[in-house]
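Report on the following structure.
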Amino acid sequence: MGKNKKLPRPKARLPKGLRDIDAEEIRARDGMLRTIRHVYDSYGFEPLDTPAFEYTDALGKFLPDQDRPNEGVFSFQDEDEQWLSLRYDLTAPLARYVAENYERLPKPFRRYQSGPVWRNEKPGPGRFREFIQFDADTVGASSVAADAEMCMLAADALEALGIERGDYVIKINNRKVLDGVLGSIGVDSDGDDYLSKRLTILRALDKYDRLGGEGVKLLLGEGRKDESGDFTKGAGLSSEQIEPLMAFVVAQGNGRSETLSTIEELVRGNEVGQQGIDELKTIDALLSASEFATDRVVIDPSIVRGLDYYTGPVFEAELTFEVKDEKGRPVRFGSVGGGGRYDGLVARFKGQPVPATGFSVGVSRLYTALSTLGKLEETAPFGPVVVSVFDKANLADYQKLLAQLRAAGIRAEVYLGNGKMGQQFKYADQRRSPCVVIQGPDEKEKGEVQIKDLIEGAKAAASVASNEEWRSERPAQFAVPEEKLVEAVREVIARHET
RNA sequence: GCCGCUGUAGCUCAGUUGGUUAGAGCGCUUGAUUGUGGAUCAAGAGGUCGUAUGUUCGAUUCAUACCAGCGGUACCA
């Protein structure tokens with residue numbers, strides 16, 4: 001780098017994994033959030049906001065150590081040297097909130113919450129280090145009716161967002177069933193390396209949708225080498241152990257009850273597994289009673305979800321259609337939401353068990369999917385009406401016109417730049433203004449204003465060849481008396497709406 | 001973390017079998033038009049060819065390392 005005497009300039013750059021959000025996306029996203037909120041509200045949940053960061057130990061992370069000070073989370077120290085971390089989901093702060101306010105909250109406590117969360121991980125396609133989640137949780141209800149409700153909530157929310165039935169599916173599984181299958185093949189808490197082995201197995205099963213049966217088999221056995229040459233160590237199971245696991249993963253049948261009877265066989269005799277099956281059966285019955293059929297909610301034994309805190313039913317929302325990207329390659333949108341039962345989270349604070357279950361919509365990812373699909377409603381097709389500045393000495397006149405428009409509820413601004421008339425129109429064009437208001441000396445004298453319909457004018461431009469013609473014709477421009485300004489602007493806007 | 005691909009103007013990309021002043025289109029600025037968007041025409045701004053080291057008389061070009069981006073994979077409460 002050069003050593004000249006100029007002040008070193010910072011480089012204008014965005015940290016990786018972060019994004020700027022433009023007006024169009026903000027509008028669309030606000031609409032999505034409103035829609036989801038409406039559904040959650042109708043289910044009886046109450047809003048809650050918590051801060052962006054918390055004490056690190058309250059979030060459930062170990063204190064950052066020297067080796068990996070920021071593993072997974074963004075952390076920093078307060079002035080009293082206590083560690084703080086940006087929240088990485090909305091569930092951990094909820095657990096803290098419930099534990100801290102337990103006595104005065106109604107039980108069960110039902111809340112929804114949306115906002116950004118941060119993860120210090122390698123960003124990938126569709127994965128960012130800051131993204132928005134929208135959660136609903138019921139804390140203090142051990143009944144699986146609460147879990148069944150989460151599935152209904154998820155399905156209703158996706159449909160309210162305009163995703164048609166059949167274009168999404170809510171998948172359910174149960175951690176207890178998974179543990180039951182593990183128990184029946186001899187992987188249980190008696191084994192010395194039980195925890196790490198269970199983890200490896202669950203991770204392997206979780207990849208079924210991506211790697212397929214062969215890949216998962218390798219990961220359960222000796223390990224797998226991927227196409228880039230990287231080797232992943234396997235769980236080291238014998239083929240007698242792998243077989244029932246594979247049978248379990250592919251057990252999804254034609255309808256929820258068929259799936260259930262298949263996996264019931266696989267956990268036969270295992271108490272925890274049977275308990276999980278019974279829970280799924282109850283959920284199935286509740287869903288069926290509410291007419292949530294298998295075109296909306298299925299039981300999928302290959303669903304695992306995060307590994308740490310889920311203790312019972314787990315859910316995942318997936319979009320099922322395929323879309324092609326700019327290069328014509330098919331893009332699959334994976335999970336756009338998920339959740340499950342976490343009976344141990346609040347107990348971390350309180351000692352006593354507090355059952356809880358919840359569902360989280362990945363708003364950012366859903367936005368990407370919907371916008372790729374073109375399923376987002378066009379919002380704000382117009383920019384503001386621009387009152388042009390013919391002469392800065394007469395700004396007060398323009399301000400008066402502007403005030404009339406604003407008082408009438410019309411989005412409007414006076415041109416605040418330095419440009420000449422031509423530049424002002426260019427500006428208005430860029431802003432997608434429906435029209436420009438012009439008042440030069442001639443108009444002023446006659447008590448008139450010129451209104452230039454930019455949208456009509458753009459159409460007219462196609463048939464105008466020469467510049468002289470373009471200028472002399474002044475396409476789609478007309479004069480009205482000053483007092484008719486609002487009326488005329490309304491007409492122009494109305495003409496182009498819908 | 002591991003593997004692979006890519007790095008030339010704001011964007012999309014040419015190009016140099018190693019040679020003096022590195023190009024195009026689009027975009028941007030200004031003007032033709034002293035009161036009018038588009039189209040057209042003209043002019044202009046904008047690059048230490050990702051960074052460093054090495055080979056060489058000479059490197060944007062070759063080699064190595066690093067960095068960044070992308071993709072895959074691993075991890076992901």
Side-chain angles (χ1 to χ4, degrees), chain A residues 1-2 4 11-17 56 58-62 68 71-73 85 87-93 95 117-127 129 199-200 202-204 206-207 210-211 215 219 223-233 304-310 325 327 329 335 338 340 342 344-345 348 360 386 388-391 415 419-433 435-444 450-477:
Chain A
M1 290 297 143
N4 48 25
K11 192 173 175 199
R13 64 204 177 116
L14 192 61
K16 66 174 174 184
T56 301
L59 287 181
K61 287 299 285 189
F62 296 84
R68 20 175 73 184
E71 186 71 8
V73 297
S85 295
R87 65 187 179 201
Y88 49 79
D89 68 13
L90 299 175
T91 311
V117 301
W118 295 268
R119 296 187 185 180
N120 192 4
E121 295 167 349
K122 182 192 160 189
R127 302 191 58 178
R129 292 153 95 202
L199 207 64
T200 311
L202 292 184
R203 275 178 197 152
D206 197 30
K207 294 181 174 60
R210 205 153 38 82
L211 302 181
L219 285 173
R224 171 177 177 272
K225 190 176 208 167
D226 65 53
E227 56 268 32
S228 68
D230 199 15
F231 182 77
T232 311
K233 197 169 179 298
V304 177
R305 289 219 46 91
L307 301 161
D308 234 31
Y309 56 57
Y310 290 123
D325 67 8
K327 293 178 182 164
R329 298 176 302 189
S335 156
Y342 49 99
L345 253 198
R348 285 182 48 241
S360 173
V386 171
S388 62
V389 174
F390 186 87
D391 183 347
Y415 179 74
K420 301 187 289 199
M421 293 305 275
Q423 288 170 304
Q424 300 192 26
F425 297 136
K426 216 172 234 175
Y427 168 80
D429 208 36
Q430 268 187 345
R431 293 295 312 275
R432 303 177 70 192
S433 302
C435 60
V436 174
V437 175
I438 308 152
Q439 190 180 50
D442 297 351
E443 290 83 13
K444 174 75 178 168
Q450 291 277 342
I451 294 177
K452 186 179 188 60
D453 181 338
L454 292 179
I455 292 154
E456 201 57 44
K459 287 182 203 157
S463 57
V464 177
S466 80
N467 189 254
E468 293 73 35
E469 198 184 341
W470 171 255
R471 291 191 169 220
S472 61
E473 281 194 7
R474 292 187 173 172
Q477 184 171 335

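Every chain is numbered from 1 and lettered A, B, ... according to where its sequence line falls, protein lines coming before strand lines.
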Legend entry - Evaluation steps, side chain to side chain contact (heavy atoms under 4.5 Å, CB included), between A:K233 and A:R224: CA-CA 7 Å; A:K233 197 169 179 298; A:R224 171 177 177 272; over 6 Å; no
Inset, instruction - Begin from the C-alpha positions of A:M421 and A:F390 and carry the test side chain to side chain contact (heavy atoms under 4.5 Å, CB included) through to its verdict. - result: CA-CA 7 Å; A:M421 293 305 275; A:F390 186 87; 4.2 Å; yes
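Here the side chain of A:R119 pairs a donor or acceptor atom with the backbone of A:Y88 at under 3.5 angstrom. Side chain of A:Q477 to main chain of A:R474: no donor-acceptor pair is present (N/O by atom type, distance under 3.5 Å, no hydrogens or angles). At distances below 3.5 Å, not a single donor-acceptor pair connects side-chain atoms of A:S85 with backbone N or O atoms of A:V73.
Side chain A:R203 to base B:C75: no donor-acceptor pair is found below 3.5 Å.
Listed pair A:R210 / B:G72 fails the phosphate criterion, with no side-chain N or O lying under 4.0 Å from OP1 or OP2. Applying the 4.0 Å criterion to OP1 and OP2 of B:A68, one finds that A:K122 has every side-chain N and O outside that range.
Protein atom NZ of A:K16 is 12 Å distant from nucleotide atom C1' of B:C70, rounded to whole Å. In this structure, A:E121 places its CD atom 14 Å from P of B:A74, rounding to the nearest Å. Between the C1' atom of B:A77 and the CG atom of A:L345 lies a distance of 9 Å, rounded to the nearest Å. Whole-Å rounding puts the A:Q430 CD to B:G27 P distance at 12 Å. If you measure from atom CZ of A:R127 to atom C1' of B:G72, you get 13 Å, rounded to the nearest angstrom. Whole-Å rounding puts the A:K233 NZ to B:G1 C1' distance at 17 Å. Atom-to-atom, CG of A:N120 to P of B:G1 comes out at 12 Å; the value is rounded to the nearest Å. With rounding to whole Å, A:Y310 atom OH is found 14 Å from B:C76 atom P.
Across all strands, A:K459 comes closer than 4.0 Å to no nucleic acid atom at all (heavy-atom distances).
Here the separation of B:C3 from B:A74, taken at their C1' atoms, is 11 Å to the nearest Å. If you take atom P in B:A52 and the same atom in B:C5, they sit 24 Å apart, rounded to whole Å. Comparing B:A32 with B:G47, their P atoms are spaced 28 Å from each other, to the whole Å. With C1' as the reference atom, B:A77 and B:C2 are 23 Å apart, rounded to whole Å. Taking the P atom of each, B:G10 and B:U73 are spaced 34 Å apart, rounded to whole Å. On the C1' atoms, B:C11 is 13 Å away from B:G46, given to the nearest whole Å. For the C1' atoms, the distance linking B:U60 with B:A22 amounts to 8 Å, nearest Å. Comparing the P positions of B:G71 and B:C13 gives an interatomic distance of 15 Å, to the nearest angstrom.
Applying the side chain to side chain contact (heavy atoms under 4.5 Å, CB included) rule to A:D442 yields no partners; only residues at least two apart in sequence or on another chain are considered. For A:Y427, the side-chain hydrogen bond (donor to acceptor under 3.5 Å, both in side chains) partners are A:E413, A:R431, not counting sequence neighbours. For A:A428, the side chain to side chain contact (heavy atoms under 4.5 Å, CB included) partners two or more places apart in sequence, or in a different chain, are A:V386, A:S433, A:V436, A:L454. In this structure A:E456 satisfies the side-chain hydrogen bond (donor to acceptor under 3.5 Å, both in side chains) test with no other residue, sequence neighbours excluded.
Remark on RNA chain B: of its neighbouring residues A:L219 and A:P15, the 5'-side contact belongs to A:P15, judged by nearest-heavy-atom nucleotide.
Taking CG of A:L219 as the reference point, atom CZ of A:R203 lies at 11.0 Å (rounded to 0.5 Å). A distance of 5.5 Å separates OH of A:Y415 from CD of A:Q424, quoted to the nearest 0.5 Å.
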Legend entry - Protein proximity profile, nucleotides 29-38 of chain B - base contact B, sugar-phosphate-only contact S, no contact -, cut-off 4.0 Å on heavy atoms: -SS-B-BBBB
Legend entry - Canonical and wobble pairing (Watson-Crick, G-U, under 3.5 Å) of RNA chain B, dot-bracket with |: (((((((..((((.....[...)))).(((((.......))))).....(((((..]....))))))))))))....
